[in-house]
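Following: one structure in structure tokens, then a few remarks.
Predicted, not measured: the structure shown is a model, and the values here were computed from it. One-based numbering, in listed order, for ligands and for the atoms of each.
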Amino acid sequence: MRLDGRELVLGVTGSIAAYKAVLLLRELARLGATVTVCLTEHARAFVGPLTFRTLSGRPVLTDLFDPQSDDAVEHIALAERAAAIVVAPATANLIAKAAHGVADDFLTTLLLAARCPVVIAPAMDGGMWEHPAVAANVAALRARGVTVMEPDSGALASGLSGRGRLPEPESIIAVLASMLAPAQDLAGEKVVVTAGPTREPIDPVRYISNRSSGKMGYNLAAAALRRGAEVTLVSGPTALTPPAAATFVPVQTAEEMREAVLRHLAGATIVIKAAAVADYRVRRPSEIKIKGKRDLTLELTPNPDILAEVAASRSGAFVVGFAAETNDVAANARAKLEAKGIDLLVANDVSQAGIGFDADDNEVLLIDRWGGNRALPRMAKSAVADAILGEILTLRRAAGRTAGKASR
Ligand code: CTP
């Protein structure tokens, strides 16, 4: 992997792990990247600018109004030129400022002006990383599309042991590399992704739904776009912003989702059903608001199984489903794959904390119709998305298919 021609900004904040930023810079430079280093005032207490200046071969930015800079608005110019900004190490303070849009030095101003991808590699004491304030700031940044890496576990500078170590330079570079130079291995593919919950009305103000956040499906849509696919995202109501380059089809009910998926099926080479479709809908939703405190019986009727219908249509698309299980995950998932007649089933154990519904991470089992079972480790949903897309290509190649031509 090379980073030639890529202009990056490396932000360094005041943590003892600042010395590892020197190693990161050396490696980025070795890979061919042009790196401008931006040190906060506290970072300078740990490692001096001369070290970074020597290794980067460029002036190091420290003050907002740098008298050495020809460009009076250098932070804006840099924010426009940079392919990515990586902050490593990022303290809890930097994360808080970035989350709240504070711009009181060069680095935080740059982060506010930037439109390029941002990677934040945290380093702090274990107790701090777990603090609800830090967790909320990290969640806010991630919701805005910033990649906040998980810190590593191990010995910390405080003498304690826990989660809070700066991720190794190799991991940071791997994240940057996947962001900057994704393989265009889905060029020419038409991918339909469904995401989010569906809402089945009870009356004009109430509905039946579920806890799906849509994060897995939105990450799949974004990953497929990055890899060159044309993407249609059919989504139930979520709090997420769809990727700008996707054809976005918002829906509410399972029946609307079915209609939208079937409408976009023609020409699709891959269909991924990450949506948590409500299994039932109210047979006769009330047209007026239901009043009173009496017992109420709702008559539910099953929704059409969109996934099974897509598989049965033999459209030629590679069909992927999701399954949320709480027990006997592998056996239940294989039974579901066979019952629905699909190519790949992504199963997750929703009884585990921190993965699945509404979480940022996922840990899934990939079950395919050719008998394969592959367990993936716990990863961020964006990484799971890339792994699923990679698996689809591998399976399709192995089954001797080419895009758009199914052999079954
Ligand atoms: N699905 C669908 N249409 C439905 C229900 C589900 O397309 N009416 C799809 C989902 O998008 C998902 C997969 O089918 O890809 C999930 O299958 P489902 O049978 O709903 O599994 P679970 O939700 O895990 O439910 P259960 O175990 O109760 O069958």
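- Residues R142 and E150 are paired through a salt bridge, judged by an N-O separation under 4.0 Å between the basic side chain and the carboxylate.
- The two residues A84 and L180 make their nearest non-hydrogen contact at CB-CD2, 4.0 Å.
- Within the 4.5 Å cutoff, side-chain heavy atoms of L262 are placed close to those of E309.
- A salt bridge links D185 to R227: one of the charged nitrogens lies within less than 4.0 Å of a carboxylate oxygen.
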Legend entry - Verdict with reasoning, E200 to R283, per salt bridge (charged side-chain N to carboxylate O under 4.0 Å, His left out): CA-CA 10 Å; E200 310 300 330; R283 188 185 290 278; over 6 Å; no
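- Remark: among candidates E309, R258, K340, the nearest residue to atom 14 (O) of ligand 1 is K340, based on non-hydrogen atoms.
- Looking at K20 and E168, a side-chain N of the basic residue comes within less than 4.0 Å of a carboxylate O on the acidic one, giving a salt bridge.
- The shortest N or O to N or O distance between A278 and ligand 1 is not below 3.5 Å.
- Proximity of D279 to ligand 1, defined as any heavy-atom pair under 4.0 Å, is confined to the side chain (atoms from C-beta onward).
- A salt bridge between E130 and R163 is absent, with no side-chain N of the basic residue lying under 4.0 Å from a carboxylate O of the acidic one.
- At least one heavy atom of A275 lies less than 4.0 angstrom from ligand 1.
- Here the heavy atom of the protein found nearest to atom 9 (C) of ligand 1 is L307 CB, 3.8 Å.
- At a threshold of 4.0 Å, the pair D305-K340 counts as salt-bridged, since one of the basic side-chain nitrogens sits closer than that to a carboxylate oxygen.
- The protein heavy-atom contact nearest to atom 3 (N) of ligand 1 is I306 N, 3.0 Å.
- Atom 23 (O) of ligand 1 is never approached by the protein to below 4.0 angstrom, counting heavy atoms only.
- Checked by distance only, ligand 1 and A323 stay at 3.5 Å or farther apart across all their nitrogen or oxygen atoms.
- Not one N or O of E325 is nearer than 3.5 Å to an N or O of ligand 1, by distance alone.
- Close N/O approach between V277 and ligand 1 is not found [any backbone or side-chain N/O within under 3.5 Å].
- Looking at E363 and K381, no side-chain N of the basic residue comes within less than 4.0 Å of a carboxylate O on the acidic one, giving no salt bridge.
- An N or O contact shorter than 3.5 Å links A324 to ligand 1 by distance.
- For ligand 1, the atoms sitting less than 4.0 Å from at least one non-hydrogen atom of G321 are 15 (O), numbered in the order shown with element in parentheses.
- A salt bridge links R396 to E189: at least one charged side-chain nitrogen sits closer than 4.0 Å to a carboxylate oxygen.
- Checked by distance only, ligand 1 and K273 come closer than 3.5 Å through their nitrogen or oxygen atoms.
- With hydrogens left out, the protein atom closest to atom 27 (O) of ligand 1 is K336 NZ, 2.8 Å, a heavy atom.
- Residue P304 has at least one heavy-atom neighbour below 4.0 Å for each of these atoms of ligand 1: 3 (N), 4 (C), 8 (N).
- The shortest contact between atom 16 (C) of ligand 1 and any protein heavy atom is with F322 O, 2.9 Å.
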